[in-house]
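All values below were derived from every heavy atom in this structure, side-chain atoms included, with hydrogens, water molecules and symmetry-related copies excluded.
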Amino acid sequence: MDSRSHTPVTAALRLCLHALLTGLLALVAVRAVGEGAPHAGAVVTLTLVTAGVYGVGALAGRPGPAGAGVRAGAEARAGAEARATSVRQRASIRPGSRAAALWLAALCALWLGLLVLSPDALWVAFPLYFLQLHLLPTRWGVPAVVVTAAAAITSFVVHRQEIAPGAFIGPLLGAAVAIATVLGYDALFRESERRRELIVELVATRAELAEAERTAGTLAERERLAREIHDTLAQGLSSIQLLLRAAERTLPGDAPAAAHVRAAREAAQANLAEARSFVRALTPPDLEHGSLAAALERLCARTTGPDLTVRFAVSGTPVGLPTPYEVALLRTAQSALANTVRHARAGRAEITLSFMDTSVALDVVDDGQGFNPSGAPVAERGDGGFGLPAMRSRAATLGGTLSVESAPGQGTALAVTLPVAGPVQKEERAA
């Protein structure tokens with residue numbers, strides 16, 4: 001049986017159909033015996049045969065306990081049960097199967113025999129309508145119902161020897177009700193299936209969104225920890241190392257404290273290296289396999305598409321930057337390009353990374369529709385973008401500034417400038 005047979009509603013309808021067909025067959029037999037029909041014995045015999053054939057098909061079409069053997073497919077006995085279940089399913093009375101068509105043809109043939117012997121058999125046509133519509137495809141089920149109704153009408157006319165409106169209205173009305181009921185239920189079932197698939201898709205999408213939010217939160221926390229470790233532990237250990245190196249230089253070589261100062265300096269140096277390894281492990285993935293310039297170039301290549309061309313350029317002599325600086329500049333570039341793609345409707349954008357004597361700057365320029373910087377651009381309204389306030393906050397945390405120049409219809413230019421202290425940079429690279 002199809003999936004509809006496993007629902008409580010269809011199970012109840014199937015029981016009602018069994019009861020209706022059995023009751024009508026019993027009525028045909030009782031009336032034939034009670035009224036002393038000429039072929040009463042043949043009618044009773046044919047009725048019993050029809051009921052028997054129907055019962056065999058109904059039992060063969062019931063959904064059996066097929067799940068247990070299939071779920072234990074790893075075991076040999078379960079595999080045998082699964083194969084036996086598959087054979088039973090191929091031989092069962094299922095909608096659209098060859099066995100269903102043969103069983104229905106046998107029922108219709110027996111019913112036609114009853115029609116020849118008894119005019120009361122025409123009432124059995126009503127449950128036959130439902131069987132034909134359920135077991136046959138729609139393109140065959142509807143014509144079969146029409147033929148069955150025509151046979152019922154012909155039987156009434158032949159047995160009663162008269163043409164009455166009821167002879168046509170009854171079978172045709174029953175056929176119309178059966179067709180409308182089955183096709184309506186099929187439409188409702190398809191709609192229910194579409195809604196079920198939509199719910200499954202929504203649940204999967206919600207799970208993906210939750211996973212994306214968790215990933216974003218994890219990356220944000222990793223960046224925060226990297227910044228905190230660099231700004232506190234790493235800087236503190238670097239200062240301790242410098243002070244101990246200066247103390248070591250001022251002490252005589254044979255001073256008792258020289259060995260302890262040297263050991264403390266080496267311990268500080270080892271812990272500083274460990275802290276910086278933590279910072280590297282917590283940096284964004286784009287910075288793990290190359291420099292900031294390489295990460296920005298990959299970002300431009302990923303963002304370039306049919307409607308937007310993004311170019312990257314480096315100005316000045318590149319120098320090594322602290323990890324928080326690289327993270328801040330990369331995240332700012334990502335957010336600026338995301339706003340360009342989402343809101344600017346630009347055809348061209350350029351990112352320039354400039355290294356100067358005392359600062360490093362990142363410029364993002366596009367030829368999009370622009371906006372009024374004194375107003376509330378879309379990116380600042382909480383629609384999921386990084387937002388200019390967050391960019392300013394990140395730049396201010398590192399002692400830098402962010403400036404935005406834009407006007408409606410004139411594109412946008414965004415610039416982030418971070419101060420770079422030369423001696424600190426050299427000391428960090430040397431350490």
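- Contacts of Arg196 classified as salt bridge (Lys or Arg N to Asp or Glu O under 4.0 Å), with partners at least two apart in sequence or in another chain: Glu193.
- With sequence neighbours excluded, no residue forms a side-chain contact (heavy atoms from CB on, under 4.5 Å) with Leu243.
- Nearest heavy-atom pair, Tyr325 versus Val360, reported as atom, atom and distance to 0.1 Å: CD2-CG1, 4.4 Å.
- Remark: His260 pairs with no residue by the side chain to side chain donor-acceptor pair (under 3.5 Å) rule, at least two apart or across chains.
- Taking Thr303 as the reference, Leu299, Leu308, Val310, Leu337, Val341 meet the side-chain contact (heavy atoms from CB on, under 4.5 Å) condition, with sequence neighbours excluded.
- To the nearest 0.5 angstrom, Leu188 atom CG is 11.0 Å from Leu183 atom CG.
- Contacts of Arg345 classified as salt bridge (Lys or Arg N to Asp or Glu O under 4.0 Å), with partners at least two apart in sequence or in another chain: none.
- Remark: the backbone N or O of Cys300 is paired with a side-chain donor or acceptor of Thr304 at under 3.5 angstrom.
- Environment of CD in Glu191: crowded, with over 12 heavy atoms of neighbouring residues, nucleotides or ligands closer than 6.0 Å.
- The shortest non-hydrogen separation linking Leu402 to Arg392 is CD2-CG, 3.8 Å.
- When side chains are defined from C-beta on, Asp186 does not count as touching Leu133, because their heavy atoms never get closer than 4.5 Å.
- Looking at residues two or more places apart in sequence or on another chain, you find no side chain to side chain donor-acceptor pair (under 3.5 Å) involving Glu266.
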Side-chain donor/acceptor pairs under 3.5 Å, residues 105-113, sequence neighbours excluded:
{"unit_1": "Trp111", "atom_1": "NE1", "unit_2": "Ala121", "atom_2": "O", "d": "2.7"}

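- Of the inter-residue distances, the one linking Ser403 atom OG with Asp363 atom CG reads 7.5 Å to the nearest 0.5 angstrom.
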Where do Leu321 and Phe355 land on the side-chain contact (heavy atoms from CB on, under 4.5 Å) test, with the steps shown first? CA-CA 10 Å; Leu321 296 174; Phe355 293 92; 4.0 Å; yes
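- In terms of heavy atoms, Ala295 sits closest to Leu330 at CB-CD1, 4.3 Å.
- Here the side chain of Thr250 pairs a donor or acceptor atom with the backbone of Ala247 at under 3.5 angstrom.
- Atoms CZ and CG, on Arg348 and Asp307 in that order, are 15.5 Å from each other to the nearest 0.5 Å.
- Using a 4.5 Å heavy-atom threshold, the side chains of Asn339 and Met391 count as touching.
- Between Ser406 and Gly370, the closest heavy-atom pair is OG-CA, 3.4 Å.
- Side chain of Ser393 to backbone of Pro389: no donor-acceptor contact under 3.5 angstrom is found.
- Closest non-hydrogen pair, Ala361 versus Thr417, comes out as CB-OG1, 4.0 Å.
- When the salt bridge (Lys or Arg N to Asp or Glu O under 4.0 Å) test is applied to Arg249, no partner is found at least two apart in sequence or on another chain.
- Side-chain contact check for Leu244 versus Gln269: every heavy-atom pair is 4.5 Å or farther apart.
- Atom OG1 of Thr397 is separated from atom CG of Leu418 by 10.5 Å, given to the nearest 0.5 angstrom.
- Leu114 places none of its side-chain heavy atoms less than 4.5 Å from the side chain of Val124.
- Scanning for side chain to side chain donor-acceptor pair (under 3.5 Å) contacts around Glu248 gives Arg262, Arg265, with sequence neighbours left out.
- A search for side chain to side chain donor-acceptor pair (under 3.5 Å) contacts involving Thr340 returns Asp366, not counting sequence neighbours.
- Judged as a ring-ring contact (aromatic ring centres under 6.0 Å, His included), and not counting sequence neighbours, Phe312 has no contacts.
- A distance-only check finds no donor-acceptor pair linking the side chain of Asn372 to the backbone of Pro408 [under 3.5 Å].
- What you find for Ile351 and Ala333 is that their closest heavy atoms are CD1-CB, 4.3 Å.
- Between the OG1 atom of Thr50 and the CG atom of Leu24 there is a distance of 12.5 Å, given to the nearest 0.5 Å.
- A search for salt bridge (Lys or Arg N to Asp or Glu O under 4.0 Å) contacts involving Glu211 returns Arg214, not counting sequence neighbours.
- Using modelled atom types, one side-chain atom of Gln369 and one backbone atom of His343 make a donor-acceptor pair closer than 3.5 Å.
- A heavy-atom distance below 4.5 Å is not found between the side chains of Phe130 and Leu20.
- Using a 4.5 Å heavy-atom cutoff, the side chains of Thr205 and Leu209 are in contact.
- With a 6.0 Å radius and a threshold of 12 heavy atoms from other residues, nucleotides or ligands, Arg194 has its CZ atom above the threshold.
- With values rounded to the nearest 0.5 angstrom, Glu208 atom CD is found 9.0 Å from Glu201 atom CD.
- Inter-residue side-chain proximity for Val314 and Leu296 is flagged as unmet; no heavy-atom pair is nearer than 4.5 Å.
- Using a 4.5 Å heavy-atom cutoff, the side chains of Tyr129 and Val145 are in contact.
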